[in-house]
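Below are the structure tokens for one structure; questions will follow.
Predicted, not measured: the structure shown is a model, and the values here were computed from it.
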Amino acid sequence: MPKEKNTRLTDPMKKYPHTEFPMQKQQAPGLQSHMRPVPDSGEKTYQGHGRLQGRRALITGGDSGIGRAVAIAYAREGAEITITYLPQENEDALSLATLLQEEGHTIHLMPVDLRQEEACKQVIDFAIDHMGGLDLLVCNAGVQTAQEDIADLTARQIQSTFEVNVFSVMYLCKAAVPHLPPGSSVIVTASAEYYTPNKVLLDYAASKSAVVGFGLALSKQVIDKGIRVNVVCPGPVWTPLEVSGGNPDAQIPRHGLDIPMKRPAQPVEMAGVYVFLASEEASYVMGEVYGLTGGLSSR
């Protein structure tokens with residue numbers, strides 16, 4: 001007799017709507033709750049299985065987008081979490097805290113601008129003080145501003161991009177490593193811009209290539225301490241970055257439609273790899289670059 005069809009399988013190209021988005025624009029850094037449609041960070045869909053029970057995680061940029069999806073996943077997998085975010089993103093951060101606290105999870109909130117080394121040190125101290133230690137660090141906060149002509153790329157924009165996307169990662173890791181016990185995991189969010197840089201993201205692409213190099217170099221330096229470091233490179237994802245200056249206005253409606261998957265990712269689709277890299281299942285994984293790009297990296 002023929003076996004029953006597996007109804008749990010989903011065509012990945014059809015898993016989420018992939019028609020054009022309505023045109024929309026926000027001031028940076030943008031709020032996920034104001035986007036249409038609101039991105040799916042796993043609020044109603046991610047199911048935990050206790051894979052991070054007892055772990056203590058710090059996630060930068062955890063209020064929205066990929067960081068929010070990672071925060072939800074880690075909490076539901078059993079971790080206590082701390083997130084950072086900009087004060088302007090307080091609405092999204094509070095909605096996340098309410099969601100997780102109502103489920104019985106512990107989350108600590110720290111609004112902060114990560115551009116300065118002292119602020120990054122304070123973040124690490126805050127996380128350790130509130131959680132009693134730290135063994136998961138996800139460096140996810142980032143900025144992205146599209147410029148169609150290099151003549152419009154200002155020195156201030158370049159400096160700001162590298163302060164957030166590169167320098168804060170270095171500062172956070174420098175402050176965290178002395179406190180991370182053997183078995184800890186550090187995960188750096190880079191970008192598919194590392195593989196296929198976009199002509200309108202000159203400084204962003206350069207910053208993400210730099211942070212990949214940093215993550216891989218750090219992985220070799222700290223493995224003797226029992227700390228694993230890996231890098232994740234997402235492709236087009238529907239997040240506030242895209243509608244708050246990260247994409248030229250004309251490209252927002254068709255965000256992610258021109259890649260092999262023919263749609264952008266939803267943030268929740270990133271979460272599983274972050275959970276895996278944080279877990280004991282990845283005990284032999286270090287110094288790797290994981291592309292979650294919908295085929296963009298293979299072009």
Side-chain angles (χ1 to χ4, degrees), residues 51-52 55-62 66-67 69-71 73-74 77 79 81 84 114 117 120 123-124 127 133-142 161-197 204-235 237 265 267 269-299:
R51 296 160 72 188
L52 301 178
R55 302 292 297 274
R56 297 164 294 188
L58 168 62
I59 304 156
T60 66
I66 295 171
V70 173
Y74 280 12
E77 294 290 353
I81 63 172
T84 73
L114 297 171
E117 182 174 12
C120 293
V123 165
I124 298 301
L134 182 67
D135 52 65
L136 285 176
L137 173 61
V138 179
C139 297
N140 172 76
T161 297
F162 272 76
E163 283 174 344
V164 178
N165 295 359
V166 183
F167 300 161
S168 75
V169 176
M170 294 181 171
Y171 298 149
L172 287 162
C173 290
K174 178 183 175 183
V177 163
H179 302 283
L180 297 178
S184 296
S185 177
V186 176
I187 304 170
V188 177
T189 299
S191 170
E193 296 301 312
Y194 167 66
Y195 304 109
T196 54
Y204 181 80
S207 73
K208 291 304 184 177
S209 291
V211 85
V212 170
F214 171 75
L216 298 185
L218 182 65
S219 73
K220 299 173 184 178
Q221 184 176 118
V222 300
I223 190 58
D224 288 343
K225 302 178 186 294
I227 302 168
R228 295 182 298 104
V229 182
N230 292 284
V231 180
V232 177
C233 289
V237 185
E269 296 182 276
M270 307 287 108
V273 167
Y274 284 84
V275 171
F276 166 68
L277 291 175
S279 73
E280 286 296 301
E281 296 168 33
S283 58
Y284 200 61
V285 181
M286 60 150 285
E288 299 290 353
V289 179
Y290 277 71
L292 306 178
T293 70
L296 182 62
S297 59
S298 64
R299 297 174 72 183

Can you confirm whether Leu58 sits close enough to Thr84 that some side-chain heavy atom of one is under 4.5 Å from a side-chain heavy atom of the other?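 The answer is yes; the side chains approach within 4.5 Å.
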Which heavy atom in Thr161 sits nearest to a heavy atom in Ser207, and how many Å separate them?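 Of all heavy-atom pairs spanning Thr161 and Ser207, the closest is CG2-OG, 3.8 Å.
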Are Leu114 and Val164 close enough that some pair of their side-chain heavy atoms sits under 4.5 Å apart?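 The answer is no; the side chains never approach within 4.5 Å.
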To the closest 0.5 Å, what do you measure between OG1 (Thr189) and CG (Leu292)?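 Going from OG1 on Thr189 over to CG on Leu292, the span is 9.5 Å.
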Starting at OG of Ser184, measure out to CD1 of Ile227 and round the result to the nearest 0.5 Å.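 Answer rounded to 0.5 Å: 5.5 Å.
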If I compare all heavy atoms of Tyr195 with all of Cys233, which pair ends up nearest, and what's the gap?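 Smallest heavy-atom distance, with atoms named: CE1-CB, 3.7 Å.
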Within the 4.5 Å heavy-atom criterion, are Val231 and Tyr194 side-chain neighbours or not?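 No. Closest side-chain heavy atoms not under 4.5 Å.
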Considering all heavy atoms, the nearest Thr293-Pro234 contact: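 For Thr293 and Pro234, the tightest heavy-atom pair comes out as CG2-C, 4.4 Å.
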Mind checking whether Arg51 and Phe276 have side chains closer than 4.5 Å, heavy atoms only?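 With C-beta onward as the side chain, the pair touches.
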Determine whether Asn165 and Lys208 make a side-chain contact, defined as any pair of heavy atoms from C-beta on separated by less than 4.5 Å.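 Of all side-chain heavy-atom pairs linking Lys208 with Asn165, at least one is under 4.5 Å.
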Measure the CD-CG distance between Glu281 and Leu277 for me, rounded to the nearest 0.5 Å.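 Answer rounded to 0.5 Å: 10.5 Å.
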Looking only at non-hydrogen atoms, find the nearest pair between Ala190 and Val211 and report the distance.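 Taking Ala190 first and Val211 second, the nearest heavy atoms are CB-CG1, 3.8 Å.
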With side chains defined as the heavy atoms from C-beta onward, is the minimum distance between Val186 and Cys173 less than 4.5 Å?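 Yes, side chains in contact.
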Minimum heavy-atom separation for Asn140 and Thr60, please, with both atom names.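 Minimum heavy-atom contact is N-OG1, 2.8 Å.
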Does Tyr204 reach the main-chain N or O of Gly142 with its side chain, forming a donor-acceptor pair under 3.5 Å?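 Not confirmed, Tyr204 side chain does not pair with Gly142 backbone.
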Check: Arg55 side chain, Ala278 main-chain N or O, donor-acceptor pair, under 3.5 Å: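 Indeed, once roles are kept as given, a pair shorter than 3.5 Å links the two residues.
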With heavy-atom distances below 4.5 Å as the criterion, would you say the side chains of Val232 and Met270 are in contact?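 No; the side chains remain at least 4.5 Å from each other.
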Please give me the minimum heavy-atom distance between Ala141 and Gly61, naming the atom from each residue.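 In this case the closest contact between Ala141 and Gly61 is CB-N, 3.8 Å.
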Can any side-chain N or O of Asn230 pair as donor or acceptor with the backbone N or O of Ile187 at less than 3.5 Å?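 It does not hold such a pair.
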Rounded distance [0.5 Å steps], OG in Ser185 versus CG in Asp135: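 These two atoms lie 9.0 Å from each other.
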Taking atom CZ of Phe162 as the centre, does the number of heavy atoms from other residues, nucleotides or ligands within less than 6.0 Å exceed 12?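 More than 12 within 6.0 Å, yes.
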Starting at OG of Ser219, measure out to CZ of Phe214 and round the result to the nearest 0.5 Å.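 These two atoms lie 10.0 Å from each other.
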Any donor-acceptor pair under 3.5 Å from Arg228 side chain to Ala282 backbone: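 Such a contact is found between Arg228 side chain and Ala282 backbone.
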Could you give the distance from CD1 (Ile81) to CD1 (Ile59), rounded to the nearest 0.5 Å?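 With rounding to 0.5 Å, CD1 (Ile81) is 5.0 Å from CD1 (Ile59).
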